[in-house]
**Student:** 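Supplied in structure tokens, the structure appears directly below.
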Amino acid sequence: MKSDTKEPESLLCDQGMRNHHSYTKILPKYSVWFLLFVSLAYFFYSVLLISPLNLYNQNPSILSRQSIISPPIQKDGALNQNPKTLEKTQLRHIVFGIAASSNLWHRRKSYIKLWWKPKEMRGFVWLDKQVKNNSDDQNTLPPLKISGSTKNLKYTNSKGSRSAIRISRIVSETVRLGLQDARWIVMGDDDTFFVAENLVRVLGKYDHNQFYYIGSPSESHIQNIHFSYNMAYGGGGFAISYSLAKALVKMQDGCIQRYPGLYGSDDRIQACMAELGVPLTKEVGFHQFDVYGNLLGLLTAHPIAPLVSLHHLDVVDPIFPYVNRVQALQRLKVPMKLDSAGLMQQSICYDKSKGWTVSVSWGYAVQIFRSKISAREMEKPQRTFVNWYMSSDSNTGFAFNTRPFIRNPCQRPNLYMLSNAVFNPSTNRTASEYVKSRALGLECKQNKAGPFGIHRVVVYKKPDPYLWDKARRRNCCRILPSKKTGILRIDVGDCGESEIIQY
């Protein structure tokens, strides 16, 4: 076996020795072609190695990043998403959590009845203990729930109440009910009035699958300093996306334990939002109304934003004079049904021949000033109200610009408050009527030119449910000719492309 294995090897060696001389003669002839072939082979191999296809195989994240920049588009231009995700947010996607007290329930439930729609809305009133309800209450109010015990959670604020812990847990307790197809949890108090259609418009702008905490700070600068400008005040209402609410459930009780010295429920919610890294998304249509007195100045100069909520209804004056608070809100519901998107929106125009400035807060009030006032000044609320902190400076105590209340009755505007509103289907326009009021005080007795003969104002406006789907812009108003004495007729609608508000 050994010799057999060596024989081929020796033969090869011998053959190699015999052919060695001939190979050395042939090699120089082919060496150049061989080197050229090797170089070309290496070149093509390198090109293939760095090609996009190979890069993707080795590092798919390069193309995946490109797909984020340019997402896949269907033929119709829509993103390739679940149809349920593409569906617009509706009222049925919102779950309300209403914080209530058994001691005040008999009075404050009347506010909830004004805006609650039993067949269209979902939500619960969360109480500290059982209350008595009659049969009418069961058909006109949300279901009642009793909050869970908080005795194991610390509360050390000497000026506050332990009920703050109970109220702060309403979001978590609502999520634990396991409601289907919920996108938002909306918190409010039992003395909060919601404009539900505008709430849907606001929340519809945001992706409920992401973490959103939506609301507004207080009107009081000092309140915001004491608590936070980054906090949504609970009475004015705030919204938490359902995905964020589920994340809150997992950590809220531990979070509450870390802040026993906080005062209320909304600052506890904000503390947990800070730990989750979620900032406040501010929507100025949520109104805490940390003020006293008459809301006229605030409502007649409402921000260019949908009116979502009104709070502290037990504290401020009725929004319409000579009626109680519930009756005043019932009157507001008339224009709200006709054109909720345009409710309280201010329009400013001028009667140049008479030198008047006219301000229309649609569905609420009209003011006629005897002088020309710039739009910049008119959009500032007149201080018909006082600060939550009576000792604060009236000029700097608010979190927004204001202008002083006019003391001289001859410089005050003539005020006209809503009396009724109707819709004309043949013209597709609303007609709202405003009657002269003395809510601001005595009239001027001087014999000077002014709108003393105007006793009624009629405003015509086309409803625009898509008002807030467009870039925000103040509506324009135009004074119309009128053959009837004592009546001022005004048209309100979209401003022309180059139309400006100037006197």
Side-chain angles (χ1 to χ4, degrees), residues 294-297 299-302 318-323 328 331-332 334-335 338-339 342-375 377-382 384 403 405-422 424 427 429-462 474-493 501-503:
N294 197 322
L295 294 179
L296 182 78
L299 296 180
T300 53
H302 192 275
I319 61 173
F320 289 106
Y322 319 123
V323 293
R331 185 185 301 181
L332 186 67
V334 175
L338 299 179
D339 186 7
L343 189 65
M344 295 287 182
Q345 294 308 300
Q346 184 189 27
S347 301
I348 303 164
C349 53
Y350 303 93
D351 188 326
K352 296 183 179 181
S353 63
K354 297 182 175 65
W356 296 348
T357 300
V358 178
S359 172
V360 178
S361 178
W362 189 86
Y364 179 56
V366 175
Q367 298 175 89
I368 305 176
F369 294 81
R370 301 171 180 84
S371 59
K372 296 176 181 179
I373 306 174
S374 69
E377 192 70 15
M378 286 299 301
E379 67 182 10
K380 298 177 185 177
Q382 186 180 182
T384 59
R403 54 193 173 98
F405 177 71
I406 301 172
R407 300 293 177 183
N408 185 340
C410 293
Q411 295 177 357
R412 288 180 198 155
N414 270 23
L415 176 65
Y416 305 82
M417 304 298 292
L418 177 81
S419 63
N420 197 16
V422 295
N424 186 341
T427 61
R429 298 177 74 80
T430 61
S432 49
E433 182 185 61
Y434 306 80
V435 176
K436 196 171 184 179
S437 171
R438 293 186 179 180
L440 289 179
L442 298 174
E443 291 184 343
C444 175
K445 295 182 179 180
Q446 296 180 11
N447 185 18
K448 61 180 291 187
F452 301 105
I454 304 296
H455 299 287
R456 189 159 59 98
V457 178
V458 180
V459 177
Y460 303 97
K461 181 180 182 296
K462 181 180 179 180
R474 190 183 304 283
N475 275 340
C476 284
C477 63
R478 302 100 181 173
I479 297 175
L480 302 173
S482 178
K483 297 180 180 179
K484 296 183 179 179
T485 59
I487 298 177
L488 183 67
R489 298 168 65 245
I490 300 174
D491 173 76
V492 168
I501 304 169
Q502 67 170 16
Y503 51 75

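Below, all heavy atoms of this structure are taken into account, side chains as well, without hydrogens, waters or symmetry copies. Residues: numbered from 1 along the sequence shown.
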**Student:** What are the two closest non-hydrogen atoms of Y416 and R456, and how far apart are they?
**Tutor:** CE2-N, 4.1 Å

**Student:** So, taking the atom named NZ in K462 and the one named CG in D491, what distance separates them when rounded to the nearest 0.5 Å?
**Tutor:** 11.5 Å

**Student:** With a 4.5 Å heavy-atom cut-off, do T427 and Y460 have their side chains touching?
**Tutor:** no

**Student:** Has the side chain of S359 got a donor or acceptor atom that lies under 3.5 Å from a matching backbone atom of I348?
**Tutor:** no

**Student:** Please check if the side chain of S432 supplies one atom and the backbone of G363 the other of a donor-acceptor pair under 3.5 Å.
**Tutor:** no

**Student:** Check A365 against M417 and note the closest heavy-atom contact, atom names and distance.
**Tutor:** CB-SD, 3.8 Å

**Student:** Whether the side chain of R403 engages the backbone of K380 through a donor-acceptor N/O pair (distance < 3.5 Å, no angle test) should be reported.
**Tutor:** yes

**Student:** For side chain to side chain contact (heavy atoms under 4.5 Å, CB included), just list the numbers for Q411 and R370, CA-CA rounded to whole Å, side-chain angles, deciding distance to a tenth of an Å, and then say yes or no.
**Tutor:** CA-CA 7 Å; Q411 295 177 357; R370 301 171 180 84; over 6 Å; no

**Student:** Measure from the side-chain N and O atoms of S482 to the backbone N and O of L488, and report whether any donor-acceptor pair falls under 3.5 Å.
**Tutor:** no

**Student:** Kindly compute the distance separating CH2 (W356) from CG (N414), expressed to the nearest 0.5 Å.
**Tutor:** 8.5 Å

**Student:** Indicate the atoms forming the closest heavy-atom contact of I373 with Y350, along with that distance.
**Tutor:** O-OH, 2.6 Å

**Student:** Rounded to the nearest 0.5 Å, what separation is found between the CZ atom of R438 and the CZ atom of R412?
**Tutor:** 12.0 Å

**Student:** I'd like to know if the side chain of R489 reaches the main chain of P481, judged simply by a donor and an acceptor atom lying under 3.5 Å from each other, with no hydrogens or angles considered.
**Tutor:** yes

**Student:** Where do V459 and V366 come nearest, in terms of heavy atoms and distance?
**Tutor:** CG2-CG2, 4.2 Å

**Student:** Heavy atoms, side chains only, cut-off 4.5 Å: are L338 and K461 in contact?
**Tutor:** no

**Student:** When rounded to the nearest 0.5 angstrom, what distance separates NZ in K436 from OG in S419?
**Tutor:** 15.0 Å

**Student:** Under the side chain to side chain contact (heavy atoms under 4.5 Å, CB included) rule, what do R429 and N424 come out as? Steps first, then yes or no, please.
**Tutor:** CA-CA 6 Å; R429 298 177 74 80; N424 186 341; 5.6 Å; no

**Student:** Please examine the side chains of W362 and P335, heavy atoms only from C-beta on, and report whether any two atoms are closer than 4.5 Å.
**Tutor:** yes

**Student:** Counting C-beta onward and ignoring hydrogens, is there a side-chain heavy-atom pair between F320 and S437 closer than 4.5 Å?
**Tutor:** no

**Student:** Is there a donor-acceptor contact under 3.5 Å from the side chain of S361 to the main chain of L299?
**Tutor:** yes

**Student:** Specify the closest pair of heavy atoms between Q367 and L415, including all atoms of both residues, with the distance to one decimal.
**Tutor:** CG-CD1, 3.9 Å

**Student:** Under 6.0 Å between ring centres, would you say that holds for Y434 and Y364?
**Tutor:** no

**Student:** So that I can confirm a possible disulfide, could you see if the SG-SG distance for C476 and C349 falls below 2.5 Å?
**Tutor:** no

**Student:** Between CD1 of I487 and CD of E433, what distance do you get to the nearest 0.5 Å?
**Tutor:** 8.0 Å

**Student:** Please round to the nearest 0.5 Å and tell me the distance separating atom CD1 of I319 and atom CG of L332.
**Tutor:** 4.5 Å

**Student:** Please name the pair of heavy atoms, one in C477 and one in I490, separated by the smallest distance, quoted to 0.1 Å.
**Tutor:** CB-CG2, 3.8 Å

